[in-house]
Number of protein chains: 2
Amino acid sequence: MSTKPAVNGAHKAAIRQENEEQILAAAERVFADFGFKGATTARIAETAHVPKANVHYYFSTKEALYRRIMEDVCDHWLEAAMTFDNSADPAVILRGYIEAKMDLSRVRPYGSRLWAHEIIRGAKFSSEYISTTVKNWLDSRVEAIRGWIAEGKMDDVEPYTLMYMIFATTQHYADFGRQIEIFNNDKPLTDAQFTEAKENVVRIILKGVGLA
Amino acid sequence: MSTKPAVNGAHKAAIRQENEEQILAAAERVFADFGFKGATTARIAETAHVPKANVHYYFSTKEALYRRIMEDVCDHWLEAAMTFDNSADPAVILRGYIEAKMDLSRVRPYGSRLWAHEIIRGAKFSSEYISTTVKNWLDSRVEAIRGWIAEGKMDDVEPYTLMYMIFATTQHYADFGRQIEIFNNDKPLTDAQFTEAKENVVRIILKGVGLA
DNA sequence: ATTTATCTTGACCGTTTGGTCAGGTTAAAA
DNA sequence: TTTTAACCTGACCAAACGGTCAAGATAAAT
């Protein structure tokens with residue numbers, strides 16, 4: 001019985017896609033909460049509402065699953081990175097990048113936390129990605145900032161320090177979200193509060209480097 | 001044979017103290033690197049150069065050891081917090097606090113990383129400490145900042161956002177030290193580089209809030 | 001209707017984990 | 001010198017872990 005005739009093997013493909021997505025979403029949460037070693041396949045399975053053996057059917061090992069999620073996180077990060085183009089006005093570019101990173105922390109906090117775990121642990125899985133892709137991107141932005149400084153468009157600040165400050169502050173809203181929540185009387189920041197925080201971060205940094 | 005006569009039970013006490021210190025130092029490193037679940041008692045023992053059973057002789061459980069270290073970390077944090085007094089000039093106070101926190105990240109990076117693990121995981125062991133001691137401290141500093149703003153001494157910025165920015169940026173140099181190292185051509189920041197970073201962080205933030 | 005390929009899962013396995021303990025050693029007290 | 005209290009540790013254990021597998025269910029192809 002059953003089985004929509006459907007075109008080709010559409011149903012099977014849909015099942016696969018839905019299960020993979022469910023497992024990936026669950027794994028992102030669990031890895032973010034407990035780190036690679038602390039996360040258990042049993043908990044990932046439970047969170048995804050599938051039996052543990054099914055997790056291994058779709059992803060051969062725990063490490064394979066972890067690497068796959070790290071790729072996704074990096075893809076999203078690269079997307080935000082692209083908002084930092086070299087064309088327009090420095091103040092516009094920095095504002096856009098800071099806002100994009102703040103929004104990323106708001107919308108995908110688990111990815112940021114996962115990244116934090118990975119780095120604190122010593123970047124065992126991703127040191128190559130950092131030392132190539134990310135470093136190349138960062139170095140080119142640092143050069144852009146040096147150019148702006150040379151043109152007298154902004155203060156003479158150490159560019160890496162500025163970039164680290166942006167990384168740290170924006171990601172703090174994801175990585176230390178629980179702490180912020182406690183300080184905010186055990187309530188998550190409202191959209192209004194978050195928007196206010198975002199505006200203040202932009203304002204302080206832009207003024208701090210002489211762009212306001 | 002042997003046994004320096006020594007005064008009273010001085011030798012035994014010294015043995016106890018040295019072993020406890022060795023185990024605590026090892027545990028701080030291992031917990032910081034792997035988080036609570038990821039850290040193993042075997043690895044802590046190995047790092048401390050004592051048999052695993054000896055770890056349990058001095059600290060009943062892994063959790064007891066973890067809690068003890070969290071206390072030590074909090075004590076150090078409180079020390080730095082005390083540099084943020086309400087008396088002097090806002091610029092002097094903020095500069096002093098930022099520098100103290102930067103130095104803490106440099107000298108005791110493991111403590112900062114341990115804290116990061118703890119918060120990312122949801123602050124299971126320390127939410128009470130945060131919602132009482134730390135929150136009281138933070139709220140009183142926020143009030144001080146509001147006072148400075150009211151007196152026209154600095155820009156009208158959202159005080160929590162400013163404090164989070166200071167937390168995030170200063171702790172970034174400990175928590176994401178490995179990432180910074182990779183960006184710095186796989187070499188740890190030299191003292192000169194770190195001093196430059198510290199000065200830049202102070203300068204950008206002070207100017208950013210209208211204190212320079 | 002039959003075959004084939006994919007999906008599903010309870011039960012199982014070897015390893016690692018936090019923690020225990022008996023029996024020994026060493027140093028302080030009597 | 002003897003006794004006592006503290007320190008030390010190899011060997012061990014039950015629980016939890018990542019991963020496997022055989023056997024069944026379901027859907028697509030023939």
Side-chain angles (χ1 to χ4, degrees), chain A residues 1-24 26-27 30-31 33-69 117 121 124-125, chain B residues 1-24 26-28 30-31 33-70 117 121 124-125:
Chain A
M1 60 167 322
S2 74
T3 313
K4 285 278 188 49
V7 275
N8 251 338
H11 190 197
K12 274 278 161 79
I15 287 176
R16 171 158 224 119
Q17 191 186 339
E18 192 186 317
N19 279 334
E20 282 188 354
E21 276 172 12
Q22 208 138 8
I23 292 167
L24 283 171
V30 177
F31 279 131
D33 283 345
F34 300 97
F36 178 73
K37 281 206 72 177
T40 66
T41 54
R43 187 167 204 124
I44 292 170
E46 191 191 359
T47 306
H49 303 294
V50 298
K52 197 183 72 164
N54 216 346
V55 172
H56 281 96
Y57 175 73
Y58 285 101
F59 301 92
S60 56
T61 65
K62 184 181 166 183
E63 184 175 325
L65 181 53
Y66 184 81
R67 285 182 184 278
R68 167 64 184 277
I69 290 170
H117 269 297
R121 204 166 44 112
K124 297 282 186 297
F125 287 99
Chain B
M1 59 166 330
S2 76
T3 312
K4 282 277 188 44
V7 275
N8 250 338
H11 190 197
K12 275 279 162 78
I15 287 177
R16 173 158 221 117
Q17 190 185 340
E18 190 186 317
N19 278 334
E20 282 188 354
E21 277 172 11
Q22 208 139 6
I23 292 167
L24 283 170
E28 183 176 320
V30 176
F31 278 131
D33 283 345
F34 300 97
F36 178 73
K37 281 206 71 177
T40 67
T41 56
R43 187 167 203 125
I44 292 169
E46 190 191 359
T47 306
H49 304 292
V50 298
K52 197 184 73 165
N54 215 347
V55 172
H56 281 96
Y57 175 72
Y58 284 101
F59 300 93
S60 56
T61 65
K62 184 182 167 184
E63 184 176 324
L65 181 53
Y66 183 82
R67 286 182 183 277
R68 167 63 183 278
I69 291 170
M70 283 298 296
H117 269 298
R121 204 166 44 112
K124 298 281 186 296
F125 288 100

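By convention in this document, chain letters (A, B, ...) are assigned in the order of the sequence lines, proteins followed by strands, and residues within each chain are numbered from 1.
Within residues 40-52 of chain A, the residues that have a heavy atom under 4.0 Å from DNA chain C are, in order of number, A:Pro51. Listed in residue order, the members of residues 56-65 of chain A having a heavy atom less than 4.0 Å from DNA chain C are A:Tyr57, A:Tyr58.
Atom pair A:Ile23:CD1 and C:dT8:P shows a separation of 9 Å (rounding to whole Å applied). Distance CZ (A:Arg16) to P (D:dT26): 19 Å, rounded to an integer number of Å. Following rounding to the nearest Å, B:Glu18 (CD) and D:dC7 (P) show an atom-to-atom distance of 13 Å.
For B:Tyr57, there are no side chain to side chain donor-acceptor pair (under 3.5 Å) partners two or more places apart in sequence or in a different chain. Residues satisfying the salt bridge (charged side-chain N to carboxylate O under 4.0 Å, His left out) criterion with A:Glu21, sequence neighbours excluded, are absent altogether. For A:Glu63, the side chain to side chain donor-acceptor pair (under 3.5 Å) criterion is met by A:Arg67, not counting sequence neighbours.
Between A:Phe125 and A:Tyr66, the two ring planes are tilted [angle within 30° to 60°].
OP1 and OP2 of C:dG18 both lie 4.0 Å or more from every side-chain N or O belonging to B:Lys37.
With contacts defined as side-chain heavy-atom distances shorter than 4.5 Å, the pair A:Glu20/A:Phe59 qualifies. Proximity of A:His117 to A:Phe34: side-chain heavy atoms (C-beta onward) are nowhere separated by under 4.5 Å.
Mapped onto DNA chain C by nearest heavy atom, A:Asn19 and B:Gly38 fall at different nucleotides, with A:Asn19 at the one closer to the 5' end.
With rounding to the nearest 0.5 angstrom, the CG atom of B:Leu65 is 9.0 Å from the CZ atom of B:Arg68.
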Atom pairs and distances, side-chain donor-acceptor, residues 37-53 of chain B, under 3.5 Å, sequence neighbours left out:
residue, atom, partner, partner atom, Å
B:Thr40, OG1, B:Arg43, N, 3.0
B:Thr47, OG1, B:Arg43, O, 2.8

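Side-chain proximity of A:Asn54 to C:dC21, C:dT9, D:dC8: nearest is C:dT9.
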